[in-house]
Asks: 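Quick one: this structure, given as structure tokens, is what I'll be asking you about.
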Amino acid sequence: MQNTNRPIPESCGKLSTLDLIFSVMDSRRSPLDFTLSLQLKKSPGLVALRAGAISARNRYPTTGSYINKKQWIRFSEAGDGVRLVSTSSDVEATIAIEEFLDRGFDLRVQAPVQQLVIVKEGMKGVELITRFHHAAADGLSAAMWLKHQLGVAYGRETPVGQASTFEKLCLRTIPSPAKRSQYAFRGPSDRLWTSNAQPSGTRRWLTIGIAATDLRKGCRRTGGFTYNDLLATCALEVFTRWNRDRGGARELKIGLWLPVNVRQKSSVGFGNGTSRIRLYARYADEASLADKCREIRRQVSWSGQHGEWFVPQDNPLESLPLWAVTPLLRCYLNRPGLDMATGIFSHAEGWAGTNGEIFSEVEKIECIGLLHPRQCVAINGATHLGKTWLTFTYDPAMLSSDDIQQLSEMYQQQIAVTRRELT
């Protein structure tokens with residue numbers, strides 16, 4: 001019998017449960033990676049960015065590794081994973097990013113962080129495009145990785161010359177976790193209305209900017225909910241209007257698929273410390289926006305207390321070979337009755353954290369998110385220097401560019417109504 005308790009060499013690391021899920025569920029039809037695009041006002045230079053990337057791969061060893069069965073294996077020479085593209089227009093830059101995102105991402109031969117540096121003719125700054133596979137990092141970890149890379153590139157942090165040892169990320173636990181929210185509908189949420197139901201696995205995006213300072217003050221003054229709750233509620237309102245305008249006045253089941261940080265210490269540890277909860281439009285249409293936000297806050301609090309987010313710290317499938325684990329997980333997580341919500345929403349309000357100096361050169365943030373085949377749109381946001389950037393990631397086979405333009409305009413209209421009510 002194989003000894004599964006033998007020591008793992010320092011050049012190897014065991015996949016966590018979340019790592020395994022994201023690696024197994026990944027496919028061309030449902031690529032499970034996300035991309036952060038940072039527009040830098042001042043370029044640190046390509047050589048410096050590459051040095052920062054190598055240092056970040058050393059500091060966070062999974063990002064300089066590949067997957068072999070259920071282990072991370074360190075590359076003997078991880079490389080920097082940075083490629084330079086020069087463009088003469090925004091259109092050329094967008095095409096380069098689309099091609100970068102449409103490429104396969106095979107963690108059996110590739111490191112889970114890949115980068116594109118876009119230099120535009122006549123511009124001083126650069127656009128830094130970083131593609132993270134979710135099998136290795138969540139949004140918080142992505143910010144940590146970029147913070148270190150830019151810190152080294154700008155000469156504000158000391159480079160890490162040797163690969164660190166693999167460390168296990170400790171997640172929160174709960175004695176008897178709930179399998180579903182008490183606010184859940186009977187059966188799965190409605191899908192967002194589309195003219196075509198066949199997903200392509202291709203992602204396109206549109207980003208809007210929203211002034212955040214007065215809205216955040218309005219949330220604090222009104223009380224009972226956060227700025228995150230407000231933005232999530234606006235997404236629910238937009239999805240409800242979208243489906244109602246196209247499907248009639250029938251009773252709708254609108255839900256959000258929301259990532260939540262489940263680390264034991266909220267800002268400590270690199271890797272997959274993010275699970276998911278679902279939020280539902282379970283309030284009266286005529287309720288005030290503030291009361292709708294308070295209802296969302298109640299749902300978030302309930303899920304945090306009752307563990308709808310729960311993921312086992314130890315992999316329950318560890319004793320099975322990968323050829324057996326893969327079909328079991330895919331069958332279970334793709335079952336038709338699973339509530340995948342109407343769309344995805346996430347927002348990082350404290351994205352820069354306490355490292356504002358490192359990110360002072362960042363003037364715009366875009367997050368191109370992942371999409372499940374049953375989800376045609378994701379709204380991913382980041383607030384930085386008093387502005388919230390919301391990126392609408394969509395499947396162009398299911399929503400047209402006109403559709404996503406209309407959805408984004410509806411969201412901005414909802415924010416305008418919110419601003420009048422709260423400020």
Side-chain angles (χ1 to χ4, degrees), residues 31 33-41 85 87 89-102 115-120 123 125-132 139 142-143 146 192 202-213 215-216 227-228 230-232 234-235 237-239 242 256-259 343-352 359 361-371 375-396 398-416 418-419:
D33 59 78
F34 63 97
T35 297
L36 288 177
S37 169
L38 307 184
Q39 289 192 4
L40 305 178
K41 293 179 285 187
V85 173
T87 63
S89 67
D90 290 339
V91 173
E92 285 186 6
T94 299
I95 292 172
I97 299 171
E98 289 175 352
E99 291 175 350
F100 181 57
L101 264 62
D102 289 345
Q115 289 188 302
L116 196 65
V117 178
I118 297 181
V119 177
K120 298 178 184 177
M123 301 289 287
V126 299
E127 193 167 358
L128 180 62
I129 314 297
T130 311
R131 194 175 175 192
F132 293 90
L146 287 166
L192 194 70
T202 302
R203 288 167 291 181
R204 296 295 179 260
W205 66 97
L206 173 69
T207 300
I208 61 174
I210 296 170
T213 302
L215 288 172
R216 293 163 86 175
Y227 182 51
N228 288 303
L230 182 147
L231 295 176
C234 288
E237 291 292 279
V238 168
F239 291 163
W242 180 268
L256 284 185
W257 188 252
L258 182 78
I344 304 170
F345 174 83
S346 71
H347 169 240
E349 186 170 0
W351 192 78
F359 294 116
E361 296 294 341
V362 176
E363 57 182 354
K364 183 178 180 181
I365 301 170
E366 295 180 280
C367 180
I368 303 163
L370 56 83
L371 293 174
Q375 297 162 330
C376 61
V377 67
I379 304 175
N380 302 102
T383 297
H384 182 54
L385 300 178
K387 194 163 189 175
T388 298
W389 300 101
L390 290 168
T391 301
F392 290 70
T393 305
Y394 65 100
D395 186 332
M398 301 175 75
L399 291 171
S400 68
S401 58
D402 288 341
D403 288 335
I404 210 67
Q405 182 68 44
Q406 188 173 353
L407 269 168
S408 69
E409 290 173 356
M410 290 170 66
Y411 195 99
Q412 291 176 91
Q413 292 166 6
Q414 182 62 47
I415 286 291
T418 302
R419 184 170 271 116

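From a predicted model like this one, the values you see are computed outputs, not experimental measurements.
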Asks: Under the side-chain contact (heavy atoms from CB on, under 4.5 Å) criterion, do Q412 and I208 qualify, and how do the steps go?
Replies: CA-CA 8 Å; Q412 291 176 91; I208 61 174; 3.6 Å; yes
Asks: Who passes ring-ring contact (aromatic ring centres under 6.0 Å, His included) against Y394, sequence neighbours left out?
Replies: none
Asks: Within a strict 4.5 Å, meaning less than it, do heavy atoms of the L215 and Y227 side chains meet?
Replies: yes
Asks: Can you tell me how far CZ of F132 sits from SG of C367, rounded to the nearest 0.5 angstrom?
Replies: 10.0 Å
Asks: With a 4.0 Å cut-off, would you call D102 and R203 a salt bridge?
Replies: no
Asks: Is there a side-chain contact between L146 and L128, using heavy atoms and a 4.5 Å cut-off?
Replies: yes
Asks: So, E409 versus Q405: side-chain donor-acceptor pair below 3.5 Å or not?
Replies: yes
Asks: Using every non-hydrogen atom in the two residues, find where G209 and W389 come nearest and quote the distance to one decimal.
Replies: CA-CE3, 3.8 Å
Asks: In terms of relative ring orientation, are F392 and Y411 parallel, tilted or perpendicular, with 30° and 60° separating the classes?
Replies: perpendicular
Asks: Taking only residues two or more places apart in sequence or in another chain, which ones pass side chain to side chain donor-acceptor pair (under 3.5 Å) with N380?
Replies: S346
Asks: Would you say that L36 contacts I129 through its side chain, given a criterion of any heavy-atom pair below 4.5 Å between the two side chains?
Replies: no
Asks: Using every non-hydrogen atom in the two residues, find where I118 and A93 come nearest and quote the distance to one decimal.
Replies: CD1-O, 3.8 Å
Asks: Out of curiosity, L230 CG to Q414 CD, how far, rounded to the nearest 0.5 Å?
Replies: 8.5 Å
Asks: Provide the closest heavy-atom pair for V85 versus A96 in the form atom of the first, atom of the second, distance.
Replies: CG1-CB, 4.1 Å
Asks: Would you name the heavy atoms of D403 and W242 that are closest together and state the gap between them?
Replies: O-CH2, 3.8 Å
Asks: For side-chain contact (heavy atoms from CB on, under 4.5 Å), just list the numbers for L192 and L407, CA-CA rounded to whole Å, side-chain angles, deciding distance to a tenth of an Å, and then say yes or no.
Replies: CA-CA 11 Å; L192 194 70; L407 269 168; 4.1 Å; yes
Asks: Quick one: OG1 on T202 to CE on M398, what's the gap to the nearest 0.5 Å?
Replies: 12.0 Å
Asks: Any non-hydrogen side-chain atom of K120 less than 4.5 Å from a side-chain atom of E127?
Replies: yes
Asks: Taking atom CD of E363 and atom NZ of K387, what is their separation to the nearest 0.5 Å?
Replies: 10.0 Å
Asks: Tell me if a side-chain donor or acceptor on R131 pairs with a main-chain N or O of F34 at a distance below 3.5 Å.
Replies: no
Asks: Any side-chain heavy atom of T391 within less than 4.5 Å of one from I379?
Replies: no
Asks: Look up atom CD1 in I97 and atom CZ in R204, then write down how far apart they are to the nearest 0.5 Å.
Replies: 11.0 Å
Asks: So, Q115 versus T130: side-chain donor-acceptor pair below 3.5 Å or not?
Replies: yes
Asks: Please report the closest heavy-atom contact between F239 and L256, naming both atoms and the distance.
Replies: CE1-CD2, 3.6 Å
Asks: Looking at H384 and F359, would you say the former's side chain and the latter's main chain have a donor-acceptor pair under 3.5 Å?
Replies: yes
Asks: Are side-chain heavy atoms of L399 and Q406 found at a separation under 4.5 Å?
Replies: no
Asks: Could you go step by step and tell me if E366 and T207 meet the side chain to side chain donor-acceptor pair (under 3.5 Å) rule?
Replies: CA-CA 7 Å; E366 295 180 280; T207 300; 2.5 Å; yes
Asks: Under the criterion side chain to side chain contact (heavy atoms under 4.5 Å, CB included), which of L101, I368, I344, T35 is the partner of T393?
Replies: I368
Asks: Do E349 and T383 pair up side chain to side chain, a donor and an acceptor below 3.5 Å, judged on atom types alone?
Replies: no
Asks: Please report the shortest heavy-atom distance between I415 and C234, naming the atom on each side.
Replies: CD1-SG, 3.9 Å
